[in-house]
Colleague: 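Can you read through this structure? Questions will come right after.
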Amino acid sequence: MEALPQQPIRSEAPLQLLLFVDKRPGSSERIRQVRVCLKDLPSEYPYELQIVDVSEQPHLAEYFKLVATPSLIKIHPEPRQTLAGTNLVAQLKDWWSRWQRSVEDYLADLAAQSDSKPEPNGNSEIRSIAQSSEVLRLSDEIFRLQREKEELQAQLQFKDQLIAMLAHDLRNPLTAVSLALETLEIGSSLKESGGSRLKPELIAQLVRHARTQTKALDRMITDILQAARERNAELRIQPQETDLGTLCLEAIDHLQARITAKAQCLSTDIPSDLPMVYADHERVKQVIVNLLDNAIKYTPERGTISIAILHRTTQKVQVSICDNGPGIPPENQQHIFEDQFRLQRDAAKDGYGIGLALCRRVVQAHYGQIWVDSESDQGSCFHFTLPVYRLLPIVPLSPTH
Ligand code: ADP
């Protein structure tokens with residue numbers, strides 16, 4: 001097939017034709033036939049035939065609302081006319097004399113207009129294919145750049161929001177530590193000035209409290225660093241404005257047959273006024289499916305399972321998936337999120353011990369948290385949080401938090 005021009009050449013011929021083809025083997029032959037036919041037809045006016053490969057210039061095909069190839073379109077003089085089908089040459093012959101007349105009328109009109117109001121450039125009204133093609137290409141490009149800009153703006157805004165959220169979260173344990181230290185300091189200065197001293201139990205309690213909070217701080221910072229690594233590593237997250245309620249319903253739909261097969265009772269609490277979250281649709285759905293799948297798997301027949309979504313703070317939404325199954329012993333509640341960790345108790349059940357590890361990676365990559373509340377034989381509640389998607393200004397941190 002001959003090389004087709006990417007950018008049509010500027011032309012001012014009064015009769016302008018576009019021949020749309022695709023990459024099928026017969027296309028070159030069709031182009032040749034149309035060209036030969038045009039050469040043979042009696043032509044009183046200059047014309048231009050432009051060949052367009054639809055796969056290379058899809059925006060043109062869209063603009064001309066093309067439904068089939070090959071198609072021959074008379075784009076000037078107006079009105080536009082489209083011939084389509086395999087017998088293009090026959091149709092072209094049929095229409096040719098009328099197209100010639102339309103050029104004649106157009107030129108006569110133009111002459112009459114320029115008699116009454118001379119134009120600096122007599123042919124300037126002829127819409128060049130080159131110009132329309134270029135305009136279309138540029139508008140496609142503008143549209144693409146616009147979308148890119150909006151996405152980047154949303155990402156930047158989300159980053160600001162995250163920083164505010166993380167600073168807020170970090171500030172709580174930090175405030176607790178500094179309060180404990182201040183109390184200890186006041187206690188020791190009172191002692192030096194002969195005032196009443198702090199009781200040893202209170203001192204021990206304050207030190208313990210400060211230590212726990214420091215550990216919490218350390219864990220949060222580790223989580224943040226890990227999340228940043230995950231986002232850069234293999235786990236590609238493509239966050240967008242996401243409706244968590246819909247995701248939960250899709251996950252339930254996916255597993256409904258298994259719930260029914262075990263005669264389990266599923267209840268949902270999905271408020272209708274939930275804010276959107278900023279999350280990767282598929283990944284988060286995978287998390288919900290994994291947690292729900294575990295609840296079904298580890299809960300006996302006729303057991304009960306629930307899914308609830310809670311707008312926890314202005315910045316976070318929490319999903320909780322609970323069951324009344326065997327629960328998780330306290331000493332294993334952290335370990336179950338590790339890679340390939342399974343409870344001995346469940347060795348006979350299908351599984352590889354990777355589901356919860358993946359859930360943790362996905363949630364952390366969204367700067368969210370995942371944890372389990374459980375007591376043996378009392379069932380388990382798996383919770384995870386995701387950041388709210390907001391395009392509103394960020395509320396400044398209050399100095400007391
Ligand atoms: P898998 O289910 O493939 O073993 P997971 O990583 O999903 O792997 O879970 C790790 C372990 O945590 C399971 O083997 C099971 O012992 C325990 N577990 C997970 N979900 C529940 C649940 N809802 N109830 C009781 N135990 C659970």
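Positions are given from 1 along the sequence. Whatever order the structure lists ligands and atoms in, that order sets their numbers, starting from 1. All of these numbers come straight from a predicted model, not from anything done at the bench.
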Colleague: Can you list the residues that meet the side-chain contact (heavy atoms from CB on, under 4.5 Å) rule with Asp109, with sequence neighbours excluded?
Modeller: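 Result, side-chain contact (heavy atoms from CB on, under 4.5 Å) vs Asp109: none returned.
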Colleague: Which class fits the ring pair Phe382 and Phe337: parallel under 30°, tilted 30 to 60°, perpendicular over 60°?
Modeller: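 Taking Phe337 first and then Phe382, their aromatic rings stand perpendicular (interplane angle over 60°).
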Colleague: Name the residues in contact with ligand 1, where contact means a heavy atom under 4.0 Å away: which are they?
Modeller: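 Lining ligand 1 at under 4.0 Å, by heavy atoms, one finds Asn294, Ala295, Lys297, Tyr298, Asp323, Gly327, Ile328, Ile336, Phe341, Arg342, Leu343, Arg345, Asp346, Gly351, Tyr352, Gly353, Ile354, Gly355, Leu356, Ser380, Phe382.
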Colleague: Do Thr304 and Ser267 make a side-chain contact, defined as non-hydrogen atoms from C-beta onward lying under 4.5 Å apart?
Modeller: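 A side-chain contact under 4.5 Å is absent here.
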Colleague: Quick one: closest heavy-atom pair of Asp243 and Thr246, and the distance?
Modeller: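 Here Asp243 and Thr246 meet closest at OD2-OG1, 2.6 Å.
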Colleague: Yes or no on ring-ring contact (aromatic ring centres under 6.0 Å, His included) for Tyr278 and His366, after CA distance, side-chain angles and deciding distance?
Modeller: CA-CA 8 Å; Tyr278 190 69; His366 285 85; 8.3 Å; no
Colleague: Does any part of the side chain of Glu44, heavy atoms only, come nearer than 4.5 Å to the side chain of Pro42, both counted from C-beta?
Modeller: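 Sidechains of Glu44 and Pro42: no contact.
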